[in-house]
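Working notes for the structure below.
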Amino acid sequence: NIILLKQNDCKVIFGKLQKLSKSLEKLPCSVYTIYVNMNGNEVLPRLLSKPLLLMTSVFEQGHWLFLCDVLCAEILRRKFMKNKFVDFKVLATSLCCSVVMGLISFAFLKCLDYAADFRSFFPLCYMFLPVAGIVTAFVYKRIGGKSSMGNNIIIESANDGEKVPKRLASLTFIFTCITHLFGGSVGREGTAVQIGGSLTSNVADYLGFKNNDRSTIVLSGISSAFGSVFGTPFAGAFFGMEVCCVGRLSAGAVIPCFACSYLANFVTQLLGFKHERYAISSIPDFDARFLFVFLIAAVCLGLIGKLFALGIKYVKLAYSKIFKNYLLAAAVGAAIVSLLIFALGLNDFEGLSTWMQDTAFKGDAKWYDMPAKYLLTVLTLGAGFQGGEVTPMFDMGASFGSWFGCVCGFDPTFFAAIGFVCVFAAAINTPITAIVLGIEVFGASAAPYFVLAVLISFIASGNTTIYPSQKFPVDKSLFHFQKK
């Protein structure tokens, strides 16, 4: 079980291994015995069946080095042994989970509709937000465990194989509905992704999937959740492949992510849920004035996405530093939201507030719509309430874009569509998903503008994100990408 290499040859390969080991040491490695024969520049690995004990050490004896390195075996195995592009077991498992996700998305969306109806019937329900905040904080602290990490635990599960608590799905479903019921300003995507990721992660663990296969199943769960909850399966497929690692797509998950996103959305629509769709009235003529306004709008939308991510981060940080008691922090944070709704009459900005998108595409957005939604959403999520971030981003982006377009004398629907995708791309760092989303929702006629605006907003937002567990293999700059 010892690998024999000539000393000169071993120095070459071991030097390369040392550079790679830090980035790969967290991967769950399969253990192999391997003999490496150096023939010029060619490395010929031969895998043997007998497993080697988990050791990483180098012993030098005269002209020979005895190299016993599991990591070496895994690197060479990944390099020379190609995995199947599509594994039938992985695909079948993912598809079964996507059907369940489609059913859950339908139930979840109907619950949000019922919560909105309740708020209309009982407008003063926001007065009970402090009670809801205390209950949410208490339950997550006592039995939630890592569930409090939200989407971050799902991203870590896909990237690093982190275990996801089984109770995450039920907790986020229940407490997101409670947040909506009592007037918190949150979305729906975060909850759906947590449910989809939790479902697929635990199913993959139960069935014994490891490494890339497990990661692919989790990514397909993310795609099916996004695609079904928004009715955008094409964008959902890309979201699952893109959200975990900024600037890189998980190409090995292409077929499962596409198949699961479309299947989950089909199930949700089959049960009768219809998603809203909007249209761009006209695309402005391309001239110097339009280009100037367009570039300013894209940068502003990128900064809105950046401020949204930073706002949630620093509100949470402020509450944790000011209040040592987590229940007191939750109560005060929820009370502030309730007082704002009462003092400023912000009842319309509770819940999803999708009416903002309706008014934006009618050209009736007001200047204060975006700041009001921003403030209420940041304070709600910062206080620890459960819910998503994407729908509020759609609201803010469409509202600001429509108002900005009207002020500058351009078609508000065009800039509403630009805002719709740009804030999303900037805050979550998923530019490809945002471009695809724009084409899927608004059509391909404005595709070149989506590409340009999204890339500008994506770069303008810098290295901020609403998901701290996202990996950043590249640094985002206003003018270039620089590898770390």
Side-chain angles (χ1 to χ4, degrees), residues 82-110 151 153-159 161-166 168-170 172-173 188-245 249-275 388 430 432-433 436-437 440:
K82 295 183 179 179
N83 293 324
K84 294 180 181 178
F85 185 67
V86 180
D87 187 282
F88 175 77
K89 292 181 181 179
V90 171
L91 183 59
T93 303
S94 301
L95 289 173
C96 290
C97 290
S98 70
V99 173
V100 177
M101 189 63 229
L103 296 171
I104 295 174
S105 291
F106 174 78
F108 177 59
L109 293 170
K110 295 302 290 185
N151 282 347
I153 189 66
I154 304 300
I155 292 174
E156 290 183 8
S157 179
N159 284 336
E162 188 74 27
K163 301 293 183 181
V164 178
K166 294 181 178 67
L168 170 62
S170 56
T172 191
F173 188 108
R188 51 195 172 187
E189 161 272 341
T191 301
V193 168
Q194 289 177 55
I195 294 172
S198 175
L199 171 67
T200 51
S201 174
N202 284 286
V203 168
D205 289 338
Y206 179 78
L207 296 177
F209 288 101
K210 303 291 184 182
N211 304 337
N212 290 340
D213 290 343
R214 183 187 184 279
S215 177
T216 297
I217 294 173
V218 175
L219 295 180
S220 71
I222 296 173
S223 292
S224 61
F226 190 97
S228 59
V229 84
F230 286 121
T232 54
F234 194 34
F238 280 94
F239 183 77
M241 294 185 287
E242 187 180 22
V243 69
C244 296
C245 189
L249 288 176
S250 300
V254 169
I255 292 179
C257 284
F258 269 88
C260 292
S261 185
Y262 273 92
L263 180 57
N265 181 61
F266 173 77
V267 172
T268 302
Q269 291 188 342
L270 185 66
L271 293 172
F273 195 88
K274 302 297 180 184
H275 296 274
T430 52
I432 298 176
T433 303
V436 172
L437 180 69
E440 187 171 18

*Keeping to residues at least two apart or across chains, list the side-chain hydrogen bond (donor to acceptor under 3.5 Å, both in side chains) pairs with something in residues 92-103.*
Ser94-Ser220
*Where do Gly221 and Thr200 come nearest, in terms of heavy atoms and distance?*
CA-CG2, 3.5 Å
*May I ask you to decide if Lys163's main-chain N or O and Ser157's side chain share a donor-acceptor pair within less than 3.5 Å?*
no
*asked:* Holding to side-chain contact (heavy atoms from CB on, under 4.5 Å), I want the full list of residues that pass it with Ser198, two or more places apart in sequence or in another chain.
replied: Val164, Leu168, Ala169, Asn202
_Atom pair CD1/CD of Ile222 and Glu242 - distance to nearest 0.5 Å_ = 12.0 Å
*Give, for atom CG of Leu199 and atom CD1 of Ile104, the distance between the pair rounded to the nearest 0.5 Å.*
5.5 Å
*Among all residues two or more places apart in sequence or in another chain, which pass the salt bridge (Lys or Arg N to Asp or Glu O under 4.0 Å) test with Lys110?*
none
*Heavy-atom side-chain contact between Pro233 and Glu440 under 4.5 Å*: yes
*What is the distance from atom CG of Leu219 to atom OG of Ser223, rounded to the nearest 0.5 Å?*
7.0 Å
*asked:* Quick check: closest heavy atoms across Ala235 and Thr433, and the distance to 0.1 Å?
replied: O-CG2, 3.5 Å
*Say whether, by atom type as modelled, one donor and one acceptor occur between the side chain of Ser261 and the main chain of Ser224 under 3.5 angstrom.*
no
*Would you say Thr232 and His275 make side-chain contact, with heavy atoms under 4.5 Å?*
no
*asked:* Would Phe230 and Leu437 count as a side chain to side chain contact (heavy atoms under 4.5 Å, CB included) here? Give the steps.
replied: CA-CA 10 Å; Phe230 286 121; Leu437 180 69; 5.9 Å; no
*If you take all heavy atoms of Val267 and Gly102, which pair is closest and at what distance?*
CG1-C, 3.8 Å
*asked:* Which label fits Phe234 and Phe258: parallel for a plane angle under 30°, tilted from 30 to 60°, or perpendicular past 60°?
replied: tilted
_Shortest non-hydrogen contact between Ile153 and Pro165, atoms and distance_ = CG1-CD, 4.5 Å
*Kindly compute the distance separating CZ (Phe106) from CG (Leu103), expressed to the nearest 0.5 Å.*
9.5 Å
*Measure the spacing between CD1 of Ile255 and CG of Asp87 and express it to the nearest 0.5 Å.*
11.5 Å
*Ile155: partners by side-chain contact (heavy atoms from CB on, under 4.5 Å), with sequence neighbours left out*: Asn159, Cys244, Tyr467, Ser469, Gln470
*Is any side-chain heavy atom of Asn151 closer than 4.5 Å to a side-chain heavy atom of Glu189?*
yes
_Could you go through Phe226 and Val243, starting from their C-alpha distance and side-chain angles, then the distance that decides it, and tell me whether this counts as side chain to side chain contact (heavy atoms under 4.5 Å, CB included)?_
CA-CA 11 Å; Phe226 190 97; Val243 69; over 6 Å; no
_side-chain contact (heavy atoms from CB on, under 4.5 Å) partners for Thr191, two or more places apart_ = Phe108, Thr172, Thr176, Ile195
*With sequence neighbours excluded, tell me which residues meet side-chain contact (heavy atoms from CB on, under 4.5 Å) with Ala204.*
Phe209, Arg214, Ile217
